[in-house]
Amino acid sequence: MSAPPAEGLVQQWESEQTRLRQQVLDHDTEDWQKSPVFSGLERVGGVDLSFIKGDDTRACAQLVVLSYPDLKLLYEDSRMVTLTAPYVAGFLAFRETPFLLEALQRLQQKQPRLQPQVVFVDGNGLFHHREFGLACHLGVLSGLPCVGVAKNLLQVQGVFKSEEHQSQIAALQKGGDSFPLTSASGKVLGKALRSSDKSFKPVYVSVGHRISLDAAVRLTLSCCRYRVPEPIRQADYRSREYLRSRFPAADSGSGE
DNA sequence: GCGACAG
DNA sequence: ATCTTGTCGC
């Protein structure tokens, strides 16, 4: 049912990514990022979108802000939105960013003191076709430090789900172990991280904006109670809960 | 025709 | 993203 994206649109998106890419800062810009224990860091944010099943345009845009290092909920915002852009692999940001930005702006307007010092994004940052994934996009447009955490490996820039990749995953002995995701040209675009002792499938961490890869990986690890970092996990859970309460299952086994 | 494809 | 139950384990 989803019509293929208009011809020129993807090209336009591509050039915009290339343009905005120049504004990404892939190093630590905040003092807390240089601290081994991130002293000075008090608030971490997480964003996500959850969809109503069967509808790929209506979704709940979610923002949560948690305390650090306690990871307790300080702020939460759920909002029903209607997406206009289609999902095109490599261009996720054009579909989701506008609504995540709006959530950050509502927070800035209502509770500026709760503005997160870093935002975890469900998706990739520099680990991307043109080194400008969702986490970079949101980072540049919001100006906030962002970290991209993807649950699945994006096969780009010469990174493949090869036997070698599988064996590297098997070699991750404990939570905190990781290995670099290196492009064909030799650049480290991100890291596969075993985020806890109990999880075996790694998460893929990459720089979004205003943070180094090293700090991004350390911070991700320190925010993981389970496989997915708590800010993203909370955003995901709460957005689904929001949909569950307002859009009860259309069908169930009760009929006959 | 088949596999890929962050969310 | 969503489609989806039970099941094994602590």
Side-chain angles (χ1 to χ4, degrees), chain A residues 1-2 4-5 10 13-14 17 21 46-63 78-101 103 119-139 146-162 165 181 183 189-193 195-209 216 220 225-229 231-233 235-244 247-253:
Chain A
M1 283 311 185
S2 58
V10 171
W13 282 353
E14 195 169 324
Q17 288 181 331
R21 168 71 182 86
V47 292
D48 191 32
L49 252 59
S50 287
F51 293 77
I52 296 177
K53 59 181 176 183
D55 186 340
D56 59 352
T57 65
R58 292 269 289 162
C60 173
Q62 185 77 34
L63 166 64
S78 310
R79 193 80 144 203
M80 284 309 298
V81 299
T82 300
L83 289 72
T84 54
Y87 170 68
V88 181
F91 302 91
L92 176 63
F94 293 92
R95 181 165 162 77
E96 302 194 348
T97 298
F99 309 100
L100 302 180
L101 261 181
V119 178
F120 279 91
V121 180
D122 203 351
N124 296 298
L126 290 179
F127 183 50
H128 177 268
H129 308 65
R130 285 159 296 282
E131 299 184 18
F132 196 72
L134 176 58
C136 297
H137 209 119
L138 185 65
C146 285
V147 175
V149 179
K151 296 183 290 295
N152 293 294
L153 179 69
L154 182 60
Q155 302 192 96
V156 292
Q157 304 256 23
V159 177
F160 301 109
K161 270 186 266 185
S162 58
H165 182 79
L181 301 169
S183 72
L189 299 177
K191 285 193 172 181
L193 169 71
S195 55
S196 80
D197 288 331
K198 292 177 180 176
S199 63
F200 291 82
K201 181 177 180 178
V203 291
Y204 299 93
V205 181
S206 60
V207 170
H209 186 47
T220 297
R225 287 222 243 265
Y226 304 101
R227 176 176 176 247
V228 174
I232 292 177
R233 202 176 75 89
D236 180 72
Y237 179 80
R238 289 167 190 279
S239 57
R240 289 192 197 196
E241 190 58 51
Y242 183 94
L243 292 182
R244 207 174 309 158
F247 300 90
D251 178 308
S252 200

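Proteins get letters first, then strands, A, B, ... in listed order; numbering begins at 1 in each. Since we're looking at a predicted model, the values are computed, not measured.
- Nearest nucleotide to the A:N152 side chain, out of B:dA6, B:dA4, C:dA1: B:dA6.
- Using a 5.5 Å limit on the distance between ring centres and a 30° limit on the angle between planes, the aromatic ring of A:Y87 counts as stacked on the six-membered base ring of B:dG7.
- Here C:dC8 presents its P atom at 19 Å from CZ of A:F200, a figure rounded to the nearest Å.
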Task: salt bridge (charged side-chain N to carboxylate O under 4.0 Å, His left out) between A:D48 and A:R238, worked out - done: CA-CA 9 Å; A:D48 191 32; A:R238 289 167 190 279; over 6 Å; no

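- The shortest distance between the side-chain N/O atoms of A:R240 and the OP1/OP2 oxygens of C:dA1 is below 4.0 Å.
- Following rounding to the nearest Å, A:H128 (NE2) and B:dC5 (C1') show an atom-to-atom distance of 12 Å.
- Atom pair A:D56:CG and C:dA1:P shows a separation of 14 Å (rounding to whole Å applied).
- Nucleic acid contact for A:G90: base, since at least one base atom lies under 4.0 Å from a heavy atom of the residue.
- When the P atom is used for both C:dG6 and B:dG1, the distance is 38 Å, rounded to whole Å.
- Other residues, nucleotides and ligands place more than 12 heavy atoms under 6.0 Å from the OH atom of A:Y242.
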Open item on the list: Does A:K201 form a side chain to side chain donor-acceptor pair (under 3.5 Å) with A:N152? I'd like the steps, not just the answer.
Closed with: CA-CA 9 Å; A:K201 181 177 180 178; A:N152 293 294; 3.1 Å; yes

- [ ] Might you work through the side-chain contact (heavy atoms from CB on, under 4.5 Å) test for A:F91 and A:H128, ending with a clear yes or no?
- [x] CA-CA 10 Å; A:F91 302 91; A:H128 177 268; over 6 Å; no

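- In this entry the distance linking NZ of A:K53 with P of C:dT4 reads 7 Å, nearest Å.
- The interatomic distance linking A:L100 (CG) with B:dA6 (P) rounds to 18 Å, in whole Å.
- The aromatic rings of A:F132 and A:H137 are tilted relative to each other, their planes meeting at an angle between 30° and 60°.
- Counting any heavy atom pair closer than 4.0 Å across all strands shown, A:N124 reaches a base atom.
- Phosphate contact (OP1/OP2 of C:dG9, side-chain N/O of A:K198, threshold under 4.0 Å): absent.
- The separation between A:F94 atom CZ and B:dA6 atom P is 17 Å, rounded to whole Å.
- Atom-to-atom, CZ of A:R244 to C1' of C:dA1 comes out at 15 Å; the value is rounded to the nearest Å.
- Between B:dA6, B:dA4, B:dG7, one nucleotide has an atom nearer to the side chain of A:Q155 than all others, and that is B:dA4.
- Residue A:K151 places at least one side-chain N or O closer than 4.0 Å to OP1 or OP2 of B:dG7.
- Remark: C1' of C:dG9 and OH of A:Y226 are 15 Å apart, rounded to the nearest angstrom.
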